[in-house]
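The block underneath contains the structure these notes are about, expressed in structure tokens.
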Amino acid sequence: MKNTIKTTCPYCGVGCGISALVSDKNHQVTISGDPSHPANFGRLCSKGSALGETIELEGRLLNPQAYGRDTSWTEALDLVANSFIKTIEQYGPDAVAIYGSGQLLTEDYYVANKLMKGFIGSGNMDTNSRLCMSSSVAGHKRAFGSDTVPGCYDDYEQAEMIILIGSNAAWCHPVSFQRIRAAKEANPTLKIVVIDPRRTSTCDIADLHLPVASGSDGVLFNGLLHYLHQENTLNQAYIDAHTEGFSKALNAATNSSHSIEQIAAQCNLKVEDLNHFYQWFASHEKVMSLYSQGINQSSSGTDKVNAIINCHLATGRIGKPGMGPFSLTGQPNAMGGREVGGLAHQLAAHMDFSSTDDIDRVARFWDTQTIATKPGLAAVDLFDAIYDGKVKAVWIMGTNPAVSMPNANKITQALQRCDFVVVSDCIANTDTTALAHVLLPAQGWSEKDGTITNSERCISRQRALFSPAGSAKPDWWIITQVARRMGFEKAFHYQNASEIFCEHAALSGFENNAEQGLRDFDISAFAKISQQDYERLQPIQWPVNQAYPQGKARFFDDGQFFTRSGKAQFIAIKPKLPVNLPDKDYPLILNTGRLRDQWHTMTRTAIAAKLNQHKPEPFVEVHPVDAQHYNLPANTLAVIESLWGSMIARVQVTDSQQQGNLFVPMHWTNQYASQGRMGVLVNPVVDPVSKQPESKHTPARIKAYQPVWQGFILSRRELTITESEYQVKIKGEQFYRYELAGVSLPEDWRSSVQKNLCSANAENTQWQEYQDSAKGNYRAAQIINRQLETVIFIAADNTLPDRGWLTSLFAKMQLETQERMALLTGRPPVGVPDVGTIVCACFNVGEKTIQAAIKEKNLKTHQEVGLCLKAGTNCGSCVPEIKALL
Ligand SMILES: Nc1nc2c(c(=O)[nH]1)N[C@H]1C(S)=C(S)[C@@H](COP(=O)(O)OP(=O)(O)OC[C@H]3O[C@@H](n4cnc5c(=O)[nH]c(N)nc54)[C@H](O)[C@@H]3O)O[C@H]1N2
Ligand SMILES: Nc1nc2c(c(=O)[nH]1)N[C@H]1C(S)=C(S)[C@@H](COP(=O)(O)OP(=O)(O)OC[C@H]3O[C@@H](n4cnc5c(=O)[nH]c(N)nc54)[C@H](O)[C@@H]3O)O[C@H]1N2
Ligand code: SF4
Ligand SMILES: [Mo]
């Protein structure tokens, strides 16, 4: 029996709707975009499309574990509850903490937050959103009095100008990016400006790319405010009627931006480019400023957010169609997390610890005497407190801090020192689960059931497609079970997610009115929603209350804000440099970020072979001049070092990078790469207001890594390889690929290989071998029953063949004689095409295939390539690369 279930994607904050055709019998699902969902109207990106390949049971955490052994739920839950109780009795409530995630569902998040802040009585519930959205939250709060995203996706089509600031939306919010691309195609006068030190794929649709100096956006937007004033393009009527603090903000802007030339010099931009940008902003009414981690992840991220918002307030461009500042949220439910109060300074339902009225109100609603009354520790401080032994028990849910936190080696040490570490995850082996005393198996996407909120405040259902793997449980269930065991039965009586949603909705409307203080977040229309209606819930943008029963697309259309005076606040910005600047020992700036086809720490996306093709190995982008200066030829390995740690990555030489800057992807962990965990390098500096870490700017240095041998192994089975210092594991279709390098040679490759690597010396095994000890070359292939089992290529000088053709042989039931004979050359026999690196993950089309087609058929546009090879016609994320090939 097959049936179609509507759900949502568990990756980025675009929040796409999915139509899942489920076959329960063989645990399979066919994924397509939900044409009726307002976030994507049927479109999906490469990650969303590959979800069906990530639901396998292998690698899942299936049972609760305590101290390395499988145990029952009862024992595990008792252990967690008792350990927390004991710690609190002995050291007080602030000795325990929860570290959650924007990947939890709203219902999970709500009960975790309620447990810690409402009943344990500590503010120590923080989340990975601290690393992600907290500067936006703080900026919103300062300007609007509330954490409100004013606009919506519909604005993309109505805008006359869209600015993408510190956002690589082409890779990170692909469906929104495609929608903006389509808007531009339909309306070529739509101006698009990208502000990013790197020339990313997002620049593909840009009329103007401003490659700003890392960290200089504050100067740029202060300069814009000053310019708008000079050009007399401010909306004085709006400023007078609806805002406060303008003259101070303008003074500060004037002080930091004397002339266009000075701003251009500080931002490392061409004067004419800067002029264009400022003129365009001045001359277009409907301007959207989309911003993401290039703004937020900074030691002055909150100021940068406000510098952007200032320009919108000063022109009155907010709350109306096609205009406004728009924070692109990262995680699928970062917004939901903010709604429930998941950050340590927040309380619940957009109330926080800054108001005793709020604390009293939430205490009455929750009927608790033990509510926390002050903010808890934010992520970096929290892990410092764990390291220092002040926090003695921590429960980590749905996040992988051993990888994603700055100064990640210290995080590992903190967890090693901690008396009691609980981790809830759906995956068994992660860098963080490795440090847990108790592991709790959570239901993952396709099993769990609840709601999430996307970037445009749209609440959608995520629905279960399958019965849970092993004894995995919903996060909300796990938390409520522990809460009951801690003595809070009455407050955690829920039988299902919809009861939690109702309570959350009721709290959002509780004493939410003009007399007692109006709050933006109000979904009280759902306070009594029936289980049935919850099941059927359609995507809807909050607020959803008596005034707006059908939701509301935009906030602030009436010029009313959630500050005490009802007026929006300008913030006077004095632009600051990043805290740690390059010096003679660490002369380069290390920037970090995302790749198109991986999600964060790869626990799910790396399961889908398709998603590992685009960028298989950790790499570092280096400008050609730097590459020459540091003697780093393309495709060699390099060691990158900071004061905090080091990593090894493959060199990519590219002028899309600025001289003096390095970029490494954030994704690799110890599970996939022996030396690829970039979090160990990142400086643990935070923004003083938002406490968000400065993940985009760490002083670093780079040098060649000089192995005595390099090589790769392709194997049908997963292997344990001990011979190499540098090692990357890549899952392919029916094979595993290992990229290897080492500074010491094994005594003898032959015996090492036969002993350690190929225990399956089954019957019908054939070996081919080639050894040139003088040159340090070794090649071998193992064939079992005429099927390729393993190939090994080792070379002292790294002259190794492309992996493409060899990997394609694993799909074959039997090798042809010709192919067998060509194996140790690593190259296809004459007449067989080599497809090269996969460019289009959706249709598996390789670089060489595209190049050949372009040449032979004289193709001119990416549309023509699409017609010919289908490449780029599904999710569209590879279009920039196809264009580059053209
Ligand atoms: N494929 C994929 N998509 C994702 C995710 C993923 O893991 N993979 N994660 C999701 C999450 S949680 C998030 S938060 C978002 C993040 O989405 P983005 O913020 O778009 O992604 P990043 O790559 O982290 O950073 C964006 C850009 O900021 C630039 N930048 C660095 N320093 C500066 C600066 O000083 N000024 C400016 N203007 N720009 C700068 C970087 O060069 C980078 O290109 O992506 C979401 N979507
Ligand atoms: N240097 C640098 N560091 C960064 C960033 C950067 O740009 N540069 N970006 C930062 C940002 S914006 C973010 S959002 C973070 C992300 O960093 P993390 O949150 O650490 O990364 P994830 O891999 O998403 O971790 C999610 C974990 O939850 C598990 N999981 C998935 N679904 C569920 C579920 O339903 N329940 C439970 N209990 N577990 C589940 C996954 O298997 C995985 O182990 O990284 C931050 N760190
Ligand atoms: S853009 Fe891609 S990753 Fe983001 S929600 Fe949509 S399908 Fe998922
Ligand atoms: Mo994020």
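Throughout, numbering of the chain's residues begins at 1 and tracks the sequence. Every number for a ligand or one of its atoms is a count from 1 in the order of the listing.
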*Can Y109 and T127 be counted as having a side-chain donor-acceptor contact under 3.5 angstrom?*
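Yes, a side-chain donor-acceptor pair sits under 3.5 Å.
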_Pairing donors with acceptors under 3.5 angstrom, does anything connect the side chains of T698 and N683?_
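Distance-only check passes for T698 and N683.
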*asked:* Any nitrogen or oxygen of D217, side chain or backbone, less than 3.5 Å from one on ligand 1?
replied: yes
Suppose I only count heavy atoms of [X] and a 4.0 Å limit; which atoms of ligand 1 are within that range?
{"X": "C132", "result": "14 (S)"}
{"X": "G593", "result": "23 (O), 24 (O)"}
{"X": "S214", "result": "35 (O)"}
{"X": "T200", "result": "44 (O)"}
{"X": "K47", "result": "1 (N), 2 (C), 3 (N)"}
{"X": "W171", "result": "1 (N), 2 (C), 3 (N)"}
{"X": "L595", "result": "1 (N), 2 (C), 8 (N)"}

*Please state which part of H697 comes within less than 4.0 Å of ligand 1, counting heavy atoms only: side chain, backbone, both or neither.*
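None of H697 does.
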For ligand 2, is there an N or O atom under 3.5 Å from any N or O atom of [X]?
{"X": "S424", "result": "yes"}
{"X": "K696", "result": "yes"}
{"X": "Q293", "result": "no"}
{"X": "Q297", "result": "yes"}
{"X": "G398", "result": "yes"}

*Mind checking whether W599 has a heavy atom under 4.0 Å from ligand 2?*
yes
*Answer with yes or no whether R594 contacts ligand 2, where contact means a heavy atom under 4.0 Å from a ligand atom.*
yes
*What is the closest protein heavy atom to atom 47 (N) of ligand 1, and at what distance does it sit?*
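The closest heavy atom on the protein side is C172 O, 2.7 Å.
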_Identity and distance of the protein heavy atom lying nearest atom 27 (C) of ligand 1_ =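 Result for atom 27 (C) of ligand 1: D196 OD2, 3.2 Å.
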*What part of T603 sits under 4.0 Å from ligand 2 if we count only heavy atoms: the side chain, the backbone, both or neither?*
side chain
*Given that the side chain starts at C-beta and the backbone is N, CA, C, O, which of these parts of R604 lies under 4.0 Å from ligand 2, counting heavy atoms, or is it both or neither?*
side chain
*Counting heavy atoms only, name the option from L590, L681, T601 that's nearest to atom 23 (O) of ligand 2.*
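The nearest heavy atom belongs to T601.
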[X] side chain to [Y] backbone, donor-acceptor under 3.5 Å:
{"X": "S642", "Y": "P699", "answer": "no"}
{"X": "Y99", "Y": "D126", "answer": "no"}
{"X": "E694", "Y": "V685", "answer": "no"}
{"X": "T592", "Y": "M666", "answer": "no"}

